[in-house]
Amino acid sequence: MKRIKAIYPGSFDPPTNGHLDLIERGSKIFDELVVAILRNPEKDPLFSVADRRKMLEAMTSAFDNVSVDTFDGLTVDYALRLDARVILRGIRAISDYEYELQMALMNRKLQPRLETVFMMPAEKYSYLSSRLVREVAQLGGSIDCLVPELVAQKVREKMDVAHKFENGEPPAGNTPSEKRKNRKKKA
Ligand code: PNS
């Protein structure tokens, strides 16, 4: 029987519980699922691609048939390189539909051999997006229950650094006393 490989492409900046929900659903349907992070030099992301990869790897370590990768260029070209047949995307609400339909039809035009499969995350995540997670965290709101704890921790660290920077404090490891300590350690 033919094994079906799917890719789940996205920005994942940061990965959320909604993404994880979709990954879990996808892992039950497809033989292999590759979570594919777009390397997009035009965007100004909160997390580097390497950080996002580490977070997603940790979040998906329990799923034997899920792996994490990065790509650039066209999603369809990447899917074909991997010999994947399916592009998995999540649809949360009707507002996602128009953009997702446009993308799916363009991908079909570019590469008719690929199918886009839409899945819905649990209703409790229907309002959740990476953009809102970033915004809530930046404005000091709680993001617990929106992202896995390991992601929440990383977001908090980012916000701490940004907060210190805004207040004119040098980033960690760069204060005069820390520099002295580091010099001593190296000596
Ligand atoms: O998580 P996102 O930002 O909604 O993901 C969008 C993504 C990465 C799936 C989309 O921008 C994409 O596929 N980009 C790769 C370039 C490409 O193939 N563009 C044509 C899409 S029709």
Side-chain angles (χ1 to χ4, degrees), residues 4-27 29-30 32-60 63 66-138 143 145-148 150-152 154-155 158:
I4 299 188
K5 190 178 197 174
I7 62 163
Y8 176 29
S11 307
F12 307 104
D13 186 35
T16 68
N17 283 338
H19 292 130
L20 186 57
D21 180 280
L22 213 77
I23 291 168
E24 187 170 358
R25 288 171 200 278
S27 76
I29 300 273
F30 304 111
E32 229 182 297
L33 180 66
V34 180
V35 181
I37 309 162
L38 175 68
R39 295 194 299 268
N40 187 350
E42 277 166 35
K43 274 197 176 176
D44 182 21
L46 179 62
F47 287 103
S48 68
V49 170
D51 279 346
R52 282 177 265 162
R53 183 179 195 147
K54 271 189 221 144
M55 288 187 271
L56 279 164
E57 278 171 351
M59 284 162 64
T60 58
F63 306 113
V66 176
S67 58
V68 182
D69 194 12
T70 66
F71 75 104
D72 53 18
L74 285 176
T75 297
V76 291
D77 289 345
Y78 170 73
L80 285 195
R81 277 202 302 281
L82 252 60
D83 206 18
R85 297 255 314 279
V86 171
I87 298 172
L88 173 65
R89 291 286 291 172
I91 288 202
R92 292 160 297 189
I94 201 78
S95 48
D96 284 337
Y97 180 74
E98 212 170 319
Y99 169 64
E100 292 297 335
L101 178 72
Q102 205 180 6
M103 203 155 59
L105 292 178
M106 178 59 83
N107 282 336
R108 179 184 283 167
K109 172 86 184 146
L110 291 168
Q111 191 41 260
R113 275 167 52 201
L114 289 167
E115 283 299 338
T116 297
V117 171
F118 294 122
M119 294 180 91
M120 289 155 296
E123 302 92 283
K124 63 182 170 180
Y125 301 130
S126 59
Y127 63 93
L128 184 51
S129 71
S130 298
R131 185 183 63 79
L132 282 183
V133 167
R134 290 196 302 271
E135 192 170 314
V136 169
Q138 261 150 10
I143 55 164
C145 306
L146 305 182
V147 295
L150 73 107
V151 176
K154 289 272 175 211
V155 174
K158 278 269 173 212

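Residue numbers count from 1 along this sequence. The shown structure was predicted, so the numbers you read here are calculated from the model rather than taken from an experiment. All ligand and atom numbering here is 1-based and tracks the order in the structure.
Per-residue contacts place N107 under 4.0 angstrom from the following atoms of ligand 1 (heavy atoms of the residue considered): 21 (C), 22 (S). Shown in contact with G73 at under 4.0 Å from a heavy atom are these atoms of ligand 1, numbered in order with element: 15 (C), 16 (C). Of all atoms in ligand 1, listed by their number and element, those nearer than 4.0 Å to a heavy atom of M106 are 22 (S).
Of all the heavy atoms in V147 and P15, the pair that sits closest is CG1-O, 3.6 Å.
Among D72, T75, D13, the residue whose heavy atom lies nearest to atom 12 (C) of ligand 1 is T75. Of all the listed residues (D96, D77, L38, I87), L38 holds the heavy atom that lies closest to atom 8 (C) of ligand 1.
Residue L56 holds its CG atom at 11.5 Å from OG1 of T70, rounded to the nearest 0.5 Å.
Assignment of A104 to the shell around ligand 1 is not supported, since no heavy atom sits closer than 4.0 Å. The closest approach between any non-hydrogen atom of Q102 and ligand 1 is not below 4.0 Å.
With a 6.0 Å radius and a threshold of 12 heavy atoms from other residues, nucleotides or ligands, Y127 has its OH atom above the threshold.
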Criterion side chain to side chain contact (heavy atoms under 4.5 Å, CB included) on V68 and M59, from CA distance to verdict: CA-CA 10 Å; V68 182; M59 284 162 64; over 6 Å; no

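Every residue meeting the ring-ring contact (aromatic ring centres under 6.0 Å, His included) condition with Y78, not counting sequence neighbours, appears here in chain and number order: F71. Partners of F12 under the ring-ring contact (aromatic ring centres under 6.0 Å, His included) rule, at least two apart in sequence or in another chain, are Y8, H19.
At the top of the distance list for atom 11 (O) of ligand 1, counting protein heavy atoms only, stands Y99 OH, 4.1 Å. Counting protein heavy atoms only, atom 19 (N) of ligand 1 is closest to L74 CD2, 4.0 Å. Nearest to atom 1 (O) of ligand 1 among the protein's heavy atoms is S11 N, 3.0 Å. In this structure, the protein non-hydrogen atom closest to atom 9 (C) of ligand 1 is R89 NH1, 3.3 Å.
In this structure, N107 contributes its side chain and V76 its backbone to no donor-acceptor pair below 3.5 Å. A donor-acceptor distance shorter than 3.5 angstrom exists from the side chain of R89 to the backbone of P9, with no hydrogens or angles considered.
Residue-level proximity to ligand 1 for M103 is carried by backbone and side chain together, each with a heavy atom below 4.0 angstrom.
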